[in-house]
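These notes are about the structure you will find just below.
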Amino acid sequence: MRSAYKFRLYPTKDQIKKLGDTLETCRQLYNDALAAKKEAWEDDRYNLTYYEMAHQLSANRKKNQALGAVYAHVLQDVLRRVDKAFQNFFRRVKNGEKPGYPRFKGRGWYKSFTYPDAGIGYKIEGSKLILSGIGAIRIFKHREIEGKIKTCTIKRDSTGAWYAIFSVDTGEEPPRVEPRTAVGVDVGLKHAVTLSTGETFSYPRYLVQMEKKLAAAQRRLSRKIKGSKNWIKQKLKVARIHRKIRNLRDEFLHQISKKIVDKADLIVFENLNIKGMVKNHNLAKHIMDHSWGRLIQYTTYKAARVGKSVELVDSRYTSQRCSGCGIIVPKTLKDRVHECPRCGLRLDRDLNAALNILTLGLRGRACGDTG
Ligand SMILES: [Zn+2]
């Protein structure tokens, strides 16, 4: 099993220069290799192999100072990227598609480089990430890495912030346990998430505030003249808020997915159709709807690590149906309480939905204790 960890880097001025130079050298190598492959193909219908390019590269490294300054494996990874771009291109041609030719990367369009081999060329020591050819960079490791690190990718985002992304081998997936407990998960109106146990998780207040701040910054951006100095400044501001929100939201989703996995052996989510969703003005709800896919994704891989299962069920009628007797009890978004005229069941609408989701997930399964 593979998973990835992304951590923010805090390079010094000198290191930022080296990181930037490395990206630039990689970009140029990418374009050179692309040109060489293109030429070989157009002139001779010859597909230049990775090994031929790598052989040429090691000769060039002796002559070219910029190439010589970058760690060899990092450069080889650039060639592999070119190779892959062509493989994808040819595969799509074979399938009868009309793909665009692999593209040259302009300045600013080459954003990352990779140390491709496990533990070779990079090392984490305390709060430092030591990169061959660059130095010891301060790293903010907000989570412990579980598993064996395979590759390390260094990336610059649109605001100029640097990140290290570690691809990790978490070992063999453990065998699935026969579920004995189950829980239904509903994306709620009042709370971000409601479980069939009655527990709820609310979308953090500070995140809602940040989203409001983002909306205001975007409005300000739209009033500026595109391409002007102020526009560029504002655009950077928007990107910064975006990044902060993304990170905080991810952190929140990691926290609740962990809590959900701890709850039961079988976790049932409703499979929301985001496109078909009614636009609504409850900001927190809106955000949660759009984080739903990621929450399912995080829960699924956390569950797989411990042999637990995630199931998706059809989301139609989960809020309308009575979880007690099964009849449809129509509700609008305003109705916060489910009240059944037939069986008399009365409970929070989100809890009612979570119970329906649980029931759908248990269909055809024999689970013992359900919550
Ligand atoms: Zn009922």
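Ligands are counted one by one from 1 in listed order, and the atoms in each one are counted from 1 as well. What you see below is based on every heavy atom in this structure, not just the backbone, and it leaves out hydrogens, waters and symmetry mates. In this text, all values refer to a predicted model and were calculated from it rather than measured experimentally.
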What pairs of donor and acceptor atoms, side-chain ones from residues 147-169 against any protein atom, are under 3.5 angstrom apart with sequence neighbours left out?
{"unit_1": "Thr153", "atom_1": "OG1", "unit_2": "Thr114", "atom_2": "OG1", "d": "2.8"}
{"unit_1": "Asp157", "atom_1": "OD1", "unit_2": "Thr159", "atom_2": "N", "d": "2.8"}
{"unit_1": "Asp157", "atom_1": "OD1", "unit_2": "Thr159", "atom_2": "OG1", "d": "2.7"}
{"unit_1": "Asp157", "atom_1": "OD1", "unit_2": "Gly160", "atom_2": "N", "d": "3.1"}
{"unit_1": "Asp157", "atom_1": "OD1", "unit_2": "Ala161", "atom_2": "N", "d": "3.0"}
{"unit_1": "Asp157", "atom_1": "OD2", "unit_2": "Thr159", "atom_2": "OG1", "d": "3.4"}
{"unit_1": "Thr159", "atom_1": "OG1", "unit_2": "Arg243", "atom_2": "NH1", "d": "2.4"}
{"unit_1": "Ser167", "atom_1": "OG", "unit_2": "Arg2", "atom_2": "NH1", "d": "2.8"}
{"unit_1": "Asp169", "atom_1": "OD1", "unit_2": "Gly171", "atom_2": "N", "d": "2.9"}

Listed pairs under 3.5 Å, donor-acceptor, residues 128-142 side chains, sequence neighbours left out:
{"unit_1": "Ser132", "atom_1": "OG", "unit_2": "Gly121", "atom_2": "O", "d": "3.4"}

- Selection residues 35-53 - residue pairs positive for side chain to side chain donor-acceptor pair (under 3.5 Å), sequence neighbours left out: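 Residue pairs passing side chain to side chain donor-acceptor pair (under 3.5 Å), neighbours aside: Lys37-Asn47, Lys37-Asp83, Tyr46-Glu52, Thr49-Glu52, Tyr50-Arg80.
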- side-chain hydrogen bond (donor to acceptor under 3.5 Å, both in side chains) evaluation trace for Ser323 with Asn352: CA-CA 6 Å; Ser323 62; Asn352 180 61; 2.7 Å; yes
- Query: Which protein N, O or S atoms lie under 2.8 Å from the Zn ion (ligand 1), given by chain and residue number?
  - Reply: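 Sorted hits: Cys322 SG, Cys325 SG, Cys340 SG, Cys343 SG.
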- Message: Using the ring-ring contact (aromatic ring centres under 6.0 Å, His included) definition, which of the options Tyr203, Tyr206, Tyr298 pairs with Phe252?
- Response: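 Between Phe252 and the candidates, ring-ring contact (aromatic ring centres under 6.0 Å, His included) is satisfied uniquely by Tyr203.
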- Task: Begin from the C-alpha positions of Asn230 and Gln234 and carry the test side-chain hydrogen bond (donor to acceptor under 3.5 Å, both in side chains) through to its verdict.
- Result: CA-CA 6 Å; Asn230 281 332; Gln234 187 64 23; over 6 Å; no
